[in-house]
Amino acid sequence: MNIGIIGLGNMGQMLVKGLCKSGMISPRDLIVYNRTAEKATALRQLYPFQVAECAQTVCQKADILFLCTKPLDMLPLLRELSLPPHLHLVSVAAGVSLADLESVHSGPVSKVIPTVTSEENRGVSLYMNNAKVTPSERAALLQLLEALGTVEEITEAAIETATILTSSAPGLIAGILEEFAQAAVRHTPELELDSARRMLVETMIGTSLLLERQGLGFDQLIERVATKGGITQEGLSVLGRTLPRAFDDLLHMTTEKHTLLKQLVRRQNDSHTSKTPTQKGESQ
Ligand SMILES: NC(=O)C1=CN([C@@H]2O[C@H](COP(=O)(O)OP(=O)(O)OC[C@H]3O[C@@H](n4cnc5c(N)ncnc54)[C@H](OP(=O)(O)O)[C@@H]3O)[C@@H](O)[C@H]2O)C=CC1
Ligand SMILES: O=C(O)[C@@H]1CCC=N1
């Protein structure tokens, strides 16, 4: 199977590395195109995939196409391309719905929200398919996503919040840890910032291993650490007072951003369909 990738930024590169590292595919199964050719040339030194001379070549040669451009680059690019009707189109863009994708491709369409952690073959990929995706196309997509980590089928109604928990979360967790480290050195200037960061990284990895290998729930882990009447309990009660508001705000603001992005994508679609054929020709 030829796996096409258009766009070799964070997500396109993650797909190349995650899929190749998993051993599920050979780099030669990948056909890749990026607007800036140097990115593909550099990554090809490590993973000798096929490099296409243009996006259209990827569409012609691929059985499944992962489109990894930014949300607002996606529909304009798709409209420039001639997609073979059988091509399984997979978008990774936040804010681009199955309906948006169906407006440019009459064949099988899936939406996947991957995560940067899949570069290490861990993390959650969210996905949904349209009605044109056959059982064998679904199975082929799942096999690829399972090579990248855990897979969750999701609805349009849940995908935005789930995106924050799976796909934004690596960045958010890094942001939380940075704030934690900065607060530690504000509080105790004798502690060096890099040392505080190292302590937190190692502690986060150890915490993840306890949760995973021992199957501990968050509440069980808390019980093991927070001695009754002890120090951690004080910290937890501060979190209980301050974090619900912070996370409510975070989810509110990220939902607003999703809504704005969806409006902009829809507006791109509306302005395209309202143009006369002559105007369309002029704008190309
Ligand atoms: N980053 C993340 O963790 C996640 C991102 N996503 C989604 O993934 C998508 C990509 O994000 P990310 O990888 O971070 O973005 P990047 O900006 O890192 O990558 C986008 C890539 O698309 C390329 N590109 C743009 N236009 C074209 C074109 N016409 N033809 C070929 N290549 C093109 C760019 O090329 P050039 O090198 O020339 O700039 C760039 O390499 C977004 O839609 C985002 O919503 C989803 C989940 C997680
Ligand atoms: O921040 C973003 O827009 C992308 C989508 C989810 C994770 N990164």
Side-chain angles (χ1 to χ4, degrees), residues 4-19 30-44 49-62 65-83 89-98 100-101 104 109-120 122-128 144-145 148-152 154 156 158-175 250-251 253-265 268 284:
I5 299 177
I6 296 178
L8 211 47
N10 298 306
M11 284 303 96
Q13 297 207 21
M14 176 284 289
L15 283 176
V16 171
K17 293 174 191 170
L19 290 173
L30 294 173
I31 174 151
V32 176
Y33 173 74
N34 190 61
R35 184 173 55 189
T36 306
E38 290 74 22
K39 270 191 199 168
T41 315
L43 192 59
R44 201 182 176 283
F49 46 73
Q50 309 167 58
V51 179
E53 69 276 12
C54 64
Q56 186 60 47
T57 306
V58 181
C59 301
Q60 296 308 133
K61 292 197 175 164
L65 167 63
F66 287 89
L67 196 49
C68 302
T69 65
K70 287 189 176 165
L72 294 174
D73 289 332
M74 196 152 279
L75 297 185
L77 172 61
L78 281 167
R79 285 212 183 79
E80 283 173 17
L81 299 169
S82 166
L83 301 182
L89 173 67
V90 182
S91 155
V92 306
V96 178
S97 68
L98 281 181
D100 294 324
L101 298 162
V104 289
V109 170
S110 301
K111 171 169 169 163
V112 169
I113 296 292
T115 173
V116 77
T117 63
S118 287
E119 205 167 303
E120 293 297 336
R122 293 301 302 261
V124 183
S125 299
L126 306 171
Y127 84 101
M128 60 177 85
L144 294 175
L145 297 181
L148 297 173
T150 303
V151 186
E152 296 254 356
I154 197 90
E156 292 276 11
I159 198 165
E160 291 170 13
T161 302
T163 295
I164 306 307
L165 298 178
T166 59
S167 188
S168 298
L172 296 173
I173 291 168
L250 185 155
L251 287 166
M253 294 310 292
T254 52
T255 300
E256 295 267 290
K257 188 69 185 187
H258 256 118
T259 304
L260 179 66
L261 200 50
K262 286 189 292 186
Q263 278 168 356
L264 292 173
V265 171
Q268 277 184 326
Q284 279 166 0

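All ligand and atom numbering here is 1-based and tracks the order in the structure.
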field: Nearest-neighbour protein heavy atom for atom 6 (C) of ligand 2, which is reported as residue plus atom name and distance
entry: Ser167 OG, 3.4 Å
Shortest protein contact, atom 30 (N) of ligand 1 (heavy atom only): Tyr33 CE2, 3.6 Å
field: Check against side-chain contact (heavy atoms from CB on, under 4.5 Å), Lys17 and Leu43
entry: CA-CA 9 Å; Lys17 293 174 191 170; Leu43 192 59; 3.8 Å; yes
- prompt: Is there a donor-acceptor pair closer than 3.5 Å between any side-chain N or O of Lys39 and the backbone N or O of Gly9?
  reply: no
task: Check ligand 1 against Ser167 and write out every atom of the ligand that is under 4.0 Å from a heavy-atom position of the residue.
output: 47 (C), 48 (C)
- prompt: Should Met11 be counted as touching ligand 1, given the test is an N or O pair under 3.5 Å?
  reply: yes
query: Counting both backbone and side chain atoms, is some N or O of Ala94 under 3.5 Å from an N or O of ligand 1?
result: yes
- prompt: When you measure from the side chain of Thr117 to the backbone N and O of Arg122, does any donor-acceptor pair fall under 3.5 Å?
  reply: yes
- prompt: How does Leu77 reach ligand 1, by side chain, by backbone, by both or by neither, if only non-hydrogen atoms under 4.0 Å count?
  reply: side chain
message: Which residue and atom name correspond to the protein heavy atom nearest atom 5 (C) of ligand 2, and how close is it?
response: Ala94 CB, 3.9 Å
- prompt: Going by the order shown, which atoms of ligand 1 are within less than 4.0 Å of some heavy atom of Ala93?
  reply: 43 (O), 45 (O)
- request: Please state which part of Met74 comes within less than 4.0 Å of ligand 1, counting heavy atoms only: side chain, backbone, both or neither.
  value: neither
- prompt: Around atom CD of Gln56, are there more than 12 heavy atoms of other residues, nucleotides or ligands at under 6.0 Å?
  reply: yes
field: Contact (N/O only, under 3.5 Å) between Thr115 and ligand 1
entry: no
query: Any donor-acceptor pair under 3.5 Å linking the side chain of Ser118 with the backbone of Gly18?
result: no
message: Quick check against the 3.5 Å criterion: does Gln268 have a side-chain atom that pairs as donor or acceptor with the backbone of Leu72?
response: yes
Under 3.5 Å: donor-acceptor pair, side chain of Ser91, backbone of Ala93: yes
- request: Could you find the nearest protein heavy atom to atom 7 (C) of ligand 1 and give me its residue, atom name and distance?
  value: Val92 O, 3.2 Å
- prompt: Which of these, Leu81, Leu15, Thr69, Leu126, has its nearest heavy atom closest to atom 33 (C) of ligand 1?
  reply: Thr69
task: Could you list which atoms of ligand 1 come closer than 4.0 Å to a heavy atom of Gly7?
output: 22 (O), 23 (C), 32 (N)
4.0 Å protein heavy-atom contact status of atom 2 (C) of ligand 2, strictly under: no
- line: Any heavy atom of Ile113 under 4.0 Å from ligand 2? The part involved is neither
message: Can you check which of Thr117, Leu261, Thr36 brings a heavy atom nearest to atom 38 (O) of ligand 1?
response: Thr36
message: Just to confirm my output: which protein heavy-atom neighbour is closest to atom 14 (O) of ligand 1, and how far is it?
response: Asn10 ND2, 2.9 Å
statement: Under 4.0 Å between heavy atoms, the region of Cys68 that gets near ligand 1 turns out to be backbone
message: Can you report which non-hydrogen protein atom sits closest to atom 16 (P) of ligand 1, along with the distance?
response: Gly9 CA, 3.9 Å
query: Within the structure, does Asn34 bring an N/O atom to less than 3.5 angstrom of an N/O atom in ligand 1?
result: yes
- request: Search all heavy atoms of Met128 against all heavy atoms of Ile159 and return the closest pair with its distance.
  value: CE-CD1, 3.4 Å
query: Who passes side chain to side chain donor-acceptor pair (under 3.5 Å) against Glu156, sequence neighbours left out?
result: none
message: Is there a polar contact, in the sense of an N or O pair closer than 3.5 Å, between Arg35 and ligand 1?
response: yes
message: For atom 17 (O) of ligand 1, what's the nearest protein heavy-atom neighbour? Residue, atom name and distance, please.
response: Lys70 CE, 3.2 Å
